[in-house]
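One structure is given here, and the rest of the page talks about it.
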Protein chains: 2
Amino acid sequence: MTRVGARTGGSAPRSVDVARLAGVSQKTVSRVLNGERYVSDEVRRRVLEAADQLGYRLNSAARALASGRTRSIGVVTLGTALYGPASLLIGIERAARDAGYALRVVNTLEGDAGGAAGAVESLLEQGVDGIVVSEPIDEGAVSLSVDVPVLVLGAPAAFGGTRTVSAGVGAELLARTATEYLLDLGHTTVHHVAGPGRWFAARDRLEGWRTALTARGREQPPVLTGDWSAASGYAAGRELAAADDVTAVFAANDDMAIGVIRALTEAGLRVPDDVSVAGFDDIPVAAYVTPPLTTMRQPFDAVAREGLRLLVRAIETPGTDLPPPDDPPVELVVRASTAPPRPRAPSRG
Amino acid sequence: MTRVGARTGGSAPRSVDVARLAGVSQKTVSRVLNGERYVSDEVRRRVLEAADQLGYRLNSAARALASGRTRSIGVVTLGTALYGPASLLIGIERAARDAGYALRVVNTLEGDAGGAAGAVESLLEQGVDGIVVSEPIDEGAVSLSVDVPVLVLGAPAAFGGTRTVSAGVGAELLARTATEYLLDLGHTTVHHVAGPGRWFAARDRLEGWRTALTARGREQPPVLTGDWSAASGYAAGRELAAADDVTAVFAANDDMAIGVIRALTEAGLRVPDDVSVAGFDDIPVAAYVTPPLTTMRQPFDAVAREGLRLLVRAIETPGTDLPPPDDPPVELVVRASTAPPRPRAPSRG
DNA sequence: CTGAAAGCGCTAACAG
DNA sequence: CTGTTAGCGCTTTCAG
């Protein structure tokens with residue numbers, strides 16, 4: 001039977017109660033519970049049994065106070081249900097738990113002035129051994145001089161102060177790859193629907209798109225900017241539909257790509273026959289919208305995992321400089337929303 | 001300038017350091033920091049100033065140890081980026097923070113035997129004043145006899161032990177409404193693509209669909225079951241396309257509805273002309289897929305907010321039984337994926 | 001391999 | 001309105 005928190009009466013048992021029952025000192029209980037060496041198997045067994053019998057639960061506040069370590073990691077994340085941030089959070093939680101850390105989470109509402117700084121401050125007050133800032137946006141000169149290691153996910157390594165490690169999906173390369181793919185298909189140029197300018201994630205993708213175009217000496221059409229939502233992609237799509245020279249669009253995420261396709265479709269343009277549209281993220285529905293979306297898959301889980309490994313290293317063995325992680329693999333998922341441009345495109349009617 | 005965690009040298013200042021600098025006793029510092037009454041404005045100002053000057057940060061482990069309260073709430077949630085759970089988590093975080101509580105998060109991997117029980121145990125060990133179990137799945141006889149209040153979001157109130165409060169989106173009513181809407185359109189019956197049977201959320205929707213059909217004396221077609229993913233909806237959609245009598249489908253979430261539409265479309269069926277499809281959740285892209293999806297909006301934020309209010313009440317003023325929350329508003333969002341059945345439907349060709 | 005003593009930094013009573 | 005005295009339940013020395 002799964003029984004959680006069975007407590008017969010009175011207050012919660014403390015380690016000294018366990019010690020008494022096991023016939024050892026309280027310190028020995030502590031040793032056993034912390035998996036320290038130099039405890040005889042016999043004693044260990046007795047202690048564990050006594051603890052189990054009493055339904056003993058370690059008091060982590062007391063432990064934190066005495067040891068100065070909390071065994072927990074704080075996460076600052078955006079308060080949105082966007083696929084990217086949500087996936088990262090899940091990866092972080094899993095990796096943290098595997099490493100023996102609990103998770104404290106604080107959301108920043110976008111638009112909050114100094115949101116990240118406030119969030120970090122609040123985590124520090126809660127007590128954390130390390131902090132993950134997930135997909136931050138540029139808030140100007142926030143000096144995050146914090147006394148615990150910080151992992152920044154999806155922003156330049158330079159962000160923040162010392163003891164900062166970082167990991168990213170290599171979004172720039174991914175964006176460049178997507179753009180090149182469209183160019184390789186034969187499109188003269190590629191239009192871009194970018195994410196909000198303050199997001200590093202948006203900038204990276206924009207940069208990758210630019211790089212690809214520049215490398216081939218192609219003209220850079222004006223950039224349209226959305227807010228990651230399908231609604232904003234739809235708005236951008238209406239503008240694109242009104243223009244006359246659009247044959248390929250690279251949207252900075254799948255939601256916006258879906259909005260773009262919708263607008264194009266409503267304007268009587270066919271995707272991919274008249275206009276190719278590529279997205280970014282490979283959200284779960286991407287394969288099932290009409291037409292199925294060509295997109296760049298982001299290795300969220302790998303990034304979170306790798307980043308956390310670095311963070312834990314920084315927490316537990318400070319001073320060990322380990323090399324930045326390899327760039328995660330580039331994965332272009334080609335589906336049906338992209339195709340070569342129509343030969344000698346007839347003027348629209 | 002936003003400066004976080006500036007610390008000049010040595011170790012972190014403690015409240016006694018603040019007291020010394022402000023020329024008061026340490027207890028007075030504690031009073032000021034806890035916003036207690038009976039402190040003169042003058043003293044309060046001096047203390048605050050001294051704290052600020054030293055970059056003082058309260059040690060919450062010490063506070064928790066001394067007070068027996070952690071001022072934090074634990075959340076057990078599924079480790080998926082599904083829109084529902086993710087939205088709930090965001091709502092919970094916001095509401096918790098507004099109420100002055102920090103958040104600890106533990107994910108359960110679906111399929112984990114006793115996942116929820118283990119997660120709760122881990123939260124209890126971390127130290128929390130209350131627990132939120134978000135969108136649980138039925139794990140059989142887990143006896144959650146925990147010594148803190150528990151809020152269960154999206155499961156029957158009976159789930160769990162004493163001191164359990166619950167809140168839900170009223171999914172059954174919503175599902176019934178969606179089904180009735182389809183019936184009102186003139187469809188003879190409505191097919192259902194359900195979520196996984198162990199999810200209470202899936203059962204509620206199934207029940208609502210059943211109720212609507214039963215109330216009108218309509219035949220209940222066999223239920224297809226998915227796993228919330230668009231891929232599983234697609235699989236279900238293929239089966240539905242193969243059948244000959246399908247004119248209306250109600251999917252238990254939008255992702256599956258999108259998959260169903262895709263399969264139908266590929267089979268040469270038009271939505272909504274040949275088959276109407278309704279979803280559930282109103283995910284952000286629902287309005288922009290082709291065709292825009294008719295769906296039931298779930299008031300995630302309101303549910304989280306309301307639930308947390310109950311939980312905080314249970315934590316802070318035990319014994320106060322307050323009435324269960326009102327059922328949240330029912331919101332049917334009609335878009336273009338549903339329509340009346342075609343008159344005298346011709347046999348398919 | 002095990003134990004005794006001394007705090008970690010705060011809040012809870014109780015005085016004043 | 002403010003201060004004093006005890007702990008909260010652990011981990012850390014330092015001895016055995």
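Side-chain atoms are counted along with the backbone in the values below, which use heavy atoms only and exclude waters and symmetry mates. Chain identifiers are assigned alphabetically (A, B, ...) following the order of the sequence lines, protein sequences preceding nucleic acid strands; residue numbering begins at 1 within each chain.
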Heavy-atom donor-acceptor pair, Arg31(A) side-chain to dG3(C) base, under 3.5 Å: yes
Side-chain donor/acceptor contact of Lys27(B) with base of dA12(C) under 3.5 Å: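 Indeed there is one.
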Hey, does the side chain of [X] come within less than 4.0 Å of [N]'s phosphate (OP1/OP2), counting only N and O?
X        : N       : value
Ser30(B) : dT11(C) : yes
Tyr56(A) : dG9(D)  : no
Ser15(A) : dC10(D) : yes

Sugar-phosphate only, base, or nothing, as touched by Val16(A) at under 4.0 Å among non-hydrogen atoms: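 Answer is nothing: Val16(A) stays at 4.0 Å or more from every strand.
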Side chain of [X], backbone of [Y]: donor and acceptor closer than 3.5 Å?
X         : Y         : result
Asp129(A) : Arg71(A)  : yes
Ser72(B)  : Ala102(B) : no
Arg97(A)  : Asn107(B) : yes

Nearest-nucleotide 5' precedence on DNA chain D, Ala62(B) against Val24(B): Val24(B)
Whichever of Ser25(B) and Ser67(B) has its nearest DNA chain D nucleotide further upstream toward 5':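 Its nearest nucleotide being more 5', the pick is Ser25(B).
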Roughly, in whole Å, what's the span from [atom1] in [X] to [atom2] in [N]?
X        : N       : atom1 : atom2 : result
Leu33(A) : dT12(D) : CG    : C1'   : 16 Å
Leu58(A) : dC10(D) : CG    : C1'   : 8 Å
Arg63(B) : dG9(C)  : CZ    : P     : 16 Å
Asn34(B) : dC10(C) : CG    : C1'   : 9 Å
Arg46(A) : dC1(C)  : CZ    : P     : 15 Å
Arg14(A) : dT11(D) : CZ    : C1'   : 16 Å

Options dG3(C), dT12(D), dC10(C), nucleotide nearest the side-chain atoms of Ala66(B):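 Closest of the options to the side chain of Ala66(B): dC10(C).
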Closest to side chain of Gln26(B), choosing from dG3(C), dG9(C), dT11(C): dT11(C)
Partner of Ser15(B) by side chain to side chain donor-acceptor pair (under 3.5 Å), out of Arg63(B), Arg20(B), Gln26(B):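 Among Arg63(B), Arg20(B), Gln26(B), the one that satisfies the side chain to side chain donor-acceptor pair (under 3.5 Å) with Ser15(B) is Gln26(B).
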Candidate list Asp301(B), Leu153(B), Val105(B), test side-chain contact (heavy atoms from CB on, under 4.5 Å), partner Ile92(B), passing option: Leu153(B)
